[in-house]
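What follows is one structure encoded as structure tokens, with my remarks underneath.
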Amino acid sequence: MRRRTTEALTTGLAITLLIGSLALAPGSSTAQASPVDDGVTTASAATVVTHEPDAAPSGPTEDTAALPSPEAAPPTPPSSTDGSRLFLTVSPPTGVSLQSDHVGLTVRGTPQCNVSNCRLLVSTSSQPLSSPGSEIPSGTSTWPSWWAEGTTRTLYVHSWGNGWGWTKTNWNTSYTVTRPVTTPLTARVASTDHVGRSAVITGVATKGARVEIGSRYTTASTTTGAWSMTVSGLAVGANTLTVVQKIGTTTIGSSVRVTVTIDPQVVPGLVRQVDATPQTLLRGGDTAVTVAVEFTERTQSAPGTVALTAPAGTTFAPGQDTLEAEYRAGSATTWQDAPASASWDLVSGHRSADGSTYSYAFPGTGSALDAGGDLRWAPRVSTPLDAPVGTPALGFTMTGALNAKLYDVTGTVDTPIAAAALTAEVVSVDAQGRVAAVRGTATPGATVAVGDSATAVAESDGTWSTTVEGLDLGDNELVVTQTVGGVPVRP
């Protein structure tokens, strides 16, 4: 059982002795415990008893923070008002705890002194007054700069007191602490979804760290530190993302920035062709062929371009550098002129030298066009009399941007070219020679056959004539037919 006694030495200096494991050196006024290592988290008690103050160190070592310099000890301890001697008593702190993580240290405890100038002293030295060590603030603090990551140190938690010209420390607990290694944060764009406007960001962080990008977060692998996160809702163009790693709520290291560029993408069906009803071309004249499209999203800005290609065997009539637009609301059935405030006409037209193509700009601004609204234009197609019979098509391509998305629609409108009506009449008959002259109209360029032996080719204006020989006496019934492009055409 331990007990305390107070004696007076022959020198007149009062000391306090702890009867137990302490050994008092001959001629000395200081008792020192022999430290006994009992593991990582605790050490044997060591009590520094009343003594004359140690000399202050000349200065901090390379990993030492300077401690307060003690005042010179008075020749004799001061006296209280009742005449008794006053002595500084410092006991080991109580309730000591020490925790560490990637952020720093948290040291708690209650120092035990009989003076008000009493605090916890956390040091790398068990005897900080005689062998100053690096001091760490009690409470919660970040890792000191002199403590390298991955290195291990022993910390001693002392009571430190100063009063009546004396300074003492006392400890009973030590901790072996290794500063955790933090991994520098890395981040890169692993993949980009331009249509979905999202990106996968990956990298490496401190194991188990929380990785944040704005309000999004994930946890790095506790074994490898690898992390991955999908960021959505990105805007078209460049998106700068700031990535940080945290332990708890504290940011570790520097942030990293990555840039994700979202390219505008063609969205199928954003603009689509409607009303592709075949439209028959008139031979020898101009025919207006309508091209109509529907906008499936509401828009007030959908600038683009339109390219038209004339049906085979035809050309676009010149002088159509502007094509006026008509519109139809999504639920309406009739077309009407576009509002004056709308810029929906096709403008700045350019006709190719051979008339086979026409290209335009589509401003697509002004009045808003609700989702499901339609626009149409009607370029004039010139069809020659000798255009081949068939069903060519007018082609068009419309591309542009709508609501930060791209549209690209390609379509055709069938434009049948019918054969001209076939006519025939007998101009004259030579009964003696049994010959008859026949004429009529047909499709320009068509081959006209009269009976089994006479043929003619229709002129560019469709007229034809021929002579039929070898007729029989009496009535002769002749069948007249026309063939266009080698294909017989019904009258």
Side-chain angles (χ1 to χ4, degrees), residues 275-292 308-320 351-358 377-396 411-491:
D275 293 357
T277 303
Q279 301 171 53
T280 300
L281 299 181
L282 175 65
R283 290 179 176 276
D286 294 344
T287 305
V289 179
T290 58
V291 175
L308 304 176
T309 302
T314 70
T315 59
F316 288 113
Q320 301 185 87
R351 182 178 182 269
S352 63
D354 62 359
S356 63
T357 63
Y358 232 129
W377 306 270
R380 299 190 314 275
V381 176
S382 299
T383 306
L385 286 172
D386 60 351
V389 173
T391 307
L394 183 149
F396 77 95
T412 58
V413 178
D414 287 342
T415 53
I417 302 176
L422 178 63
T423 65
E425 64 174 340
V426 177
V427 178
S428 64
V429 176
D430 180 358
Q432 184 175 357
R434 290 191 287 181
V435 176
V438 183
R439 66 184 181 187
T441 60
T443 302
T447 299
V448 179
V450 181
D452 297 329
S453 58
T455 60
V457 176
E459 301 292 337
S460 60
D461 61 356
T463 60
W464 62 271
S465 64
T466 187
T467 300
V468 181
E469 300 177 348
L471 296 174
D472 296 329
L473 293 175
D475 293 335
N476 291 262
E477 184 176 272
L478 303 175
V479 177
V480 182
T481 62
Q482 64 172 328
T483 301
V484 179
V487 178
V489 178
R490 289 188 175 185

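Heavy-atom basis, side chains included; hydrogens, waters and symmetry copies ignored.
Between Val389 and Arg283, the shortest heavy-atom distance links the atoms CG2-NH2, 3.1 Å. When all heavy atoms of Ala446 and Val484 are compared, the pair lying nearest together is CB-CG2, 3.7 Å. The nearest pair of heavy atoms linking Ser352 to Asp354 is OG-OD1, 2.8 Å. Closest approach of Arg380 and Pro318 over heavy atoms only: NH2-O, 3.6 Å. Across every non-hydrogen atom of Ala458 and Ala442, the tightest pair is CB-CB, 4.2 Å. Heavy atoms only, all atoms of each residue included: Thr412 and Ala393 are closest at CB-CB, 4.1 Å.
Between the side chain of Gln279 and the backbone N or O of Thr287 there is no donor-acceptor pair closer than 3.5 Å. Side-chain atoms of Tyr358 come within 3.5 Å of backbone N or O of Gln320 as a donor-acceptor pair. Proximity of a side-chain donor or acceptor of Thr466 to a complementary backbone N or O of Thr455 within less than 3.5 Å is detected. Side-chain atoms of Arg434 do not come within 3.5 Å of backbone N or O of Leu473 as any donor-acceptor pair. In this structure, Thr415 contributes its side chain and Pro392 its backbone to a donor-acceptor pair below 3.5 Å. Arg351 contributes no side-chain N or O that, together with a main-chain N or O of Gly319, makes up a donor-acceptor pair within less than 3.5 Å. In terms of modelled atom types and a separation under 3.5 Å, the side chain of Thr391 and the main chain of Pro416 share no donor-acceptor contact.
Considering only heavy atoms from C-beta on, Val381 comes within 4.5 Å of Phe316 through its side chain. Here the side chains of Leu422 and Trp464 are in contact, with some heavy-atom distance below 4.5 Å. Using a 4.5 Å heavy-atom threshold, the side chains of Asp275 and Thr290 count as separate. Counting heavy atoms from C-beta on, the side chains of Pro379 and Leu394 come closer than 4.5 Å. A 4.5 Å side-chain heavy-atom check between Val427 and Ser465 finds every atom pair outside the cut-off. Within the 4.5 Å cutoff, the side chain of Val480 has heavy atoms near those of the Val448 side chain. Within the 4.5 Å cutoff, the side chain of Ser382 has heavy atoms near those of the Thr315 side chain.
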> Please walk me through it: do Asn476 and Val468 pass side-chain contact (heavy atoms from CB on, under 4.5 Å)?
Replying inline: CA-CA 11 Å; Asn476 291 262; Val468 181; over 6 Å; no

>> Does Leu281 form a side-chain contact (heavy atoms from CB on, under 4.5 Å) with Val289? I'd like the steps, not just the answer.
In response: CA-CA 8 Å; Leu281 299 181; Val289 179; 3.9 Å; yes

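Within 6.0 Å of CG in Asp452 there are 12 or fewer heavy atoms belonging to other residues, nucleotides or ligands. Heavy atoms of other residues, nucleotides or ligands lying less than 6.0 angstrom from CZ of Arg439 number 12 at most.
Atom-to-atom distance recorded for Thr383:OG1 and Asp286:CG is 7.5 Å, nearest 0.5 angstrom. The distance from the CD atom of Glu469 to the CG atom of Asp430 is 10.0 Å, given to the nearest 0.5 Å.
For the residue pair Thr423/Thr441, the side-chain donor-acceptor check at 3.5 Å is satisfied.
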